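Values reported hereafter were calculated over all heavy atoms of this structure, with side chains retained and with hydrogens, waters and symmetry mates removed. Keep in mind the model is a prediction, meaning the values are calculated, not measured. Just follow the structure's listing: the first ligand is 1, and inside any ligand the first atom is 1. Numbering of residues begins at 1 and proceeds along the displayed sequence.
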Amino acid sequence: MFKKTSWKPNDSESKHLPIYRHKTKLVQAVEDSTFLLVTGETGSGKTTQLPQYLHEAGFCKNGKVGITQPRRVAAITVAQRVAQEMKCTLGREVGYQVRFDDCTSQDTAVKYMTDGCLLREVLADPALSQYSVVILDEVHERSLNTDILLGLLKNIFSNPSKATRGRAFPLKVVVMSATMETDKLSAFLSSCPVFAIPGRVFPVTCTFGSAVGPKDAESTFYVKEVVKVALDVHTGEKAGDILVFLTGQSEIERACDLMFEKAECIDYRYDVRDRTVEGLLILPLYGSMPTDQQRQIFQPPPPGIRKCVVATNIAATSLTINGIKYIVDSGFVKQLSHNSRVGMDVLEVVPISKSEAQQRAGRAGRTSAGKCFRIYTEEFWEKCMPEYTVPEIQRTSLTAVVLTLKCLSVHDVIRFPYLDRPEERFILEALKQLYQFDAIDRRGGVTKLGELMVEFPLHPGLTRALLRAASLGCQDLLLPVAAMLSVENIFIRPGHPDKQKEADKKHRALAAKTGGMNDFATLLSVFQLCKSSDRPSAWCKDNWIHWRALKSAFSVETQLREILVRLQQRKDFPVETFVGNKSELLRRCLCTGYFTNVARRSVGKVFCTMDGHGSMVHIHPASSLFDQEADLNWIVFHDVLVTSRVYVRTVCPIRYEWVKDLLPKLHEVDVYELSSVAREEVTDEEVTKWETREAAKRQQEVSAEDV
Ligand code: ADP
Ligand code: MG
């Protein structure tokens with residue numbers, strides 16, 4: 001697939017980047033070592049230039065140069081930029097691949113991709129034989145997949161026979177990072193050579209605000225404050241662009257609307273200190289934004305106009321915007337973390353770390369001295385902000401990653417070389433979940449089902465539900481649901497209250513088409529209705545549905561279907577039969593994957609989860625089951641949202657009989673036993689003893705449960 005890049009390249013720009021003077025030496029250093037660590041300030045040109053230098057030096061003759069990015073948007077945006085600099089069509093010599101979007105071809109020599117994509121490629125081809133050089137970029141971000149790739153590559157190189165197996169020539173690995181934690185990284189990579197790109201940074205003066213103090217750690221009123229501070233900068237400071245850090249799409253859109261409204265009232269004759277400033281251009285920047293809009297971010301504003309980019313953390317290190325002189329820092333970030341209160345991974349808005357705050361401030365000092373306005377107090381900095389950001393591997397579910405490692409024959413997942421070791425209980429939790437999904441057996445070995453599961457770039461629970469459906473021959477019910485759950489929210493939520501009412505009405509009508517009691521079925525129905533419509537985009541507009549999100553859902557569904565069709569050709573693909581109606585079939589398949597997310601009505605509108613945490617949860621108001629709680633006893637849900645309450649979203653009612661054989665699995669694995677599974681030290685005798693004991697326990701639990 002090719003995508004046209006429409007704007008003109010500007011070569012001379014790249015010659016001014018700090019990396020340019022070191023081109024020859026850098027290429028030589030890659031040539032001379034198998035493992036090389038390249039460090040340099042963000043914006044020095046590592047991501048966009050080094051792959052081009054290697055391409056120019058002939059490294060692509062033996063294979064591709066692959067560059068990983070922790071973030072999807074970064075992979076796409078940077079590939080676009082490099083295609084433009086190399087004067088080629090995106091998808092030809094320069095391409096990108098992110099989950100569910102492959103923009104590469106046979107000609108692709110320089111390939112940007114997410115770290116998750118490379119991890120999947122390692123699964124299919126552990127020697128990475130298509131590549132001559134692999135560059136792990138943005139390693140300081142410490143994303144889960146990059147950390148795992150680091151460990152895997154270290155493993156390969158500590159065993160020379162592994163390093164060359166299946167390859168005609170040795171692979172070169174370059175690890176790139178900003179100037180954080182350099183010593184630690186180099187030590188981890190067996191003291192590999194380090195190439196530090198010297199860069200000049202200009203001083204940035206930081207000031208604290210008074211709006212957010214230690215008591216406000218959970219408040220969201222900071223959006224207003226951020227807007228106020230940004231406009232104060234606009235009216236009170238000299239020319240220079242502004243970069244505002246907020247946490248997510250809806251917040252950013254709200255801030256942009258508010259800022260726009262207020263900026264319209266500025267009288268440039270009287271209100272603005274710098275007379276050369278004649279207007280404000282407000283631009284949002286977040287992950288799921290259409291890429292054409294993202295391009296605007298990088299273009300210099302028209303003369304006299306000040307640019308104000310309102311961004312997520314993506315602008316902290318992954319993307320560099322030239323011309324930024326002022327930073328407005330909210331002090332918060334949206335981050336996926338394991339929430340011990342609900343025993344699940346939850347996206348939460350949390351205070352950033354001090355090192356992150358310094359990184360954000362640094363974005364104002366790339367080309368001249370800058371200023372950073374923190375809206376929080378110094379006390380907030382002292383009391384609420386940790387020194388460093390906890391790496392993702394130490395705060396999120398490891399289920400998918402552990403399955404990947406096991407499929408790569410890394411059985412001892414506890415002693416795997418982690419740059420920062422996750423707590424053992426997180427590894428055990430992952431093993432337990434995999435065991436519950438039948439992806440691994442009691443000895444920790446990958447089952448046939450596990451081998452099938454690892455092929456899908458989805459959450460293991462969703463994959464499990466999908467595979468169950470496929471074995472029952474009803475994949476057409478689950479594929480669209482899985483696709484819809486893999487794209488951004490499809491329901492439009494307008495800011496204006498009247499419009500919101502109108503949207504709610506339409507959404508309720510869509511839910512009513514399937515009986516109004518199953519959010520998963522609503523997703524399926526929206527997918528089918530839109531797909532069969534003559535004018536799908538108009539249909540979406542009419543129903544307050546994001547057409548762009550649905551279009552991606554269509555594409556995701558096709559890709560999932562392709563994976564499934566390929567797997568179904570295997571002789572051992574499971575086959576089952578079932579007699580019953582579609583609604584029951586869909587919900588039963590969901591139970592198979594989501595039995596870890598089962599809840600039972602407790603009192604009133606409160607439900608209690610059955611996973612051993614016994615968390616009290618409420619049905620989210622956006623669910624079609626909201627306000628119908630009285631008729632429900634058992635439900636399964638897709639995910640949770642934690643605010644002052646714990647809400648479950650995307651819900652459907654189930655019957656206890658459907659999960660009664662599955663629920664005991666949630667309790668039967670005991671952590672002590674699993675730790676030996678993890679270390680592979682169990683004997684046959686122990687397994688038999690344990691199985692007998694567990695079977696007896698299970699029998700007791702099942703009969704004690706009231707139906
Ligand atoms: P590093 O990886 O060292 O942080 P990059 O290679 O990302 O540095 O950035 C180098 C330069 O390229 C920066 O000045 C940045 O503004 C510019 N740049 C990167 N992507 C784009 C883009 N899509 N459009 C315009 N300029 C870009
Ligand atoms: Mg970079």
Near S44 (heavy-atom distance under 4.0 Å), the atoms of ligand 1 are 1 (P), 3 (O), 8 (O)
Legend entry - Proximity of F35 and F188 rings by center, below 6.0 Å: no
What one should report as the nearest heavy-atom pair of K238 and Y326 is O-OH, 2.8 Å
Original post:
If you measure from the Lys or Arg side-chain nitrogens to the Asp or Glu carboxylate oxygens, is any gap between E348 and R395 under 4.0 Å?
Top reply: no
Under 4.0 Å between heavy atoms, the region of R295 that gets near ligand 1 turns out to be neither
Check this for me, if you would: do E41 and R366 make a salt bridge, where the nitrogen-to-carboxylate-oxygen distance has to be below 4.0 angstrom? no
Taking only non-hydrogen atoms of E41 and a 4.0 Å limit, the atoms of ligand 1 in range are 3 (O)
Any N or O of T320 that comes nearer than 3.5 Å to an N or O of ligand 1?
yes
So the atoms of ligand 1 within less than 4.0 Å of a heavy atom of T48 turn out to be 5 (P), 6 (O), 9 (O), 10 (C), 19 (C)
Quick note on ligand 1: atoms under 4.0 Å from a heavy atom of L17 include exactly 10 (C), 11 (C), 14 (O)
Given the options L149, L144, L405, L119 meets side-chain contact (heavy atoms from CB on, under 4.5 Å) only with L149
Check your understanding: Within the stated cut-off of 2.8 Å, is an N/O/S atom of T42 closer than that to the Mg ion (ligand 2)?
Key -> no
Looking only at distance, does D137 have an N or O less than 3.5 Å from an N or O of ligand 1?
no
Report task. Kindly confirm or rule out an N or O of I321 lying under 3.5 angstrom from an N or O of ligand 1. Result -> no
Salt bridge or not for D420 and R142, using N-O below 4.0 Å? yes
Distance-only N or O hit between ligand 1 and N322, under 3.5 Å: yes
Checklist entry - Going by an N to O cut-off under 4.0 Å, is there a salt bridge joining E237 and K325? => result no
Do K172 side-chain atoms and S33 backbone N/O form a donor-acceptor pair below 3.5 Å?
yes
Between the main-chain N or O of T247 and the side-chain N or O of E251, is there a donor-acceptor pair closer than 3.5 Å? yes
Honestly, for R366 the part within reach of ligand 1 (heavy atoms, under 4.0 Å) is side chain
Ligand 1 atoms nearer than 4.0 angstrom to some heavy atom of K46 are 1 (P), 2 (O), 3 (O), 4 (O), 6 (O), 8 (O)
Q. Can you tell me if OH on Y20 sees more than 12 non-hydrogen neighbours from other groups inside 6.0 Å?
A. no
**Prompt:** Are G40 and ligand 1 in contact, using a heavy-atom cut-off of under 4.0 Å?
**Reply:** no
Geometric N/O contact E138 with ligand 1, under 3.5 angstrom = no
Counting from 1 in the order shown, the ligand 1 atoms closer than 4.0 Å to a non-hydrogen atom of T77 are 23 (N)
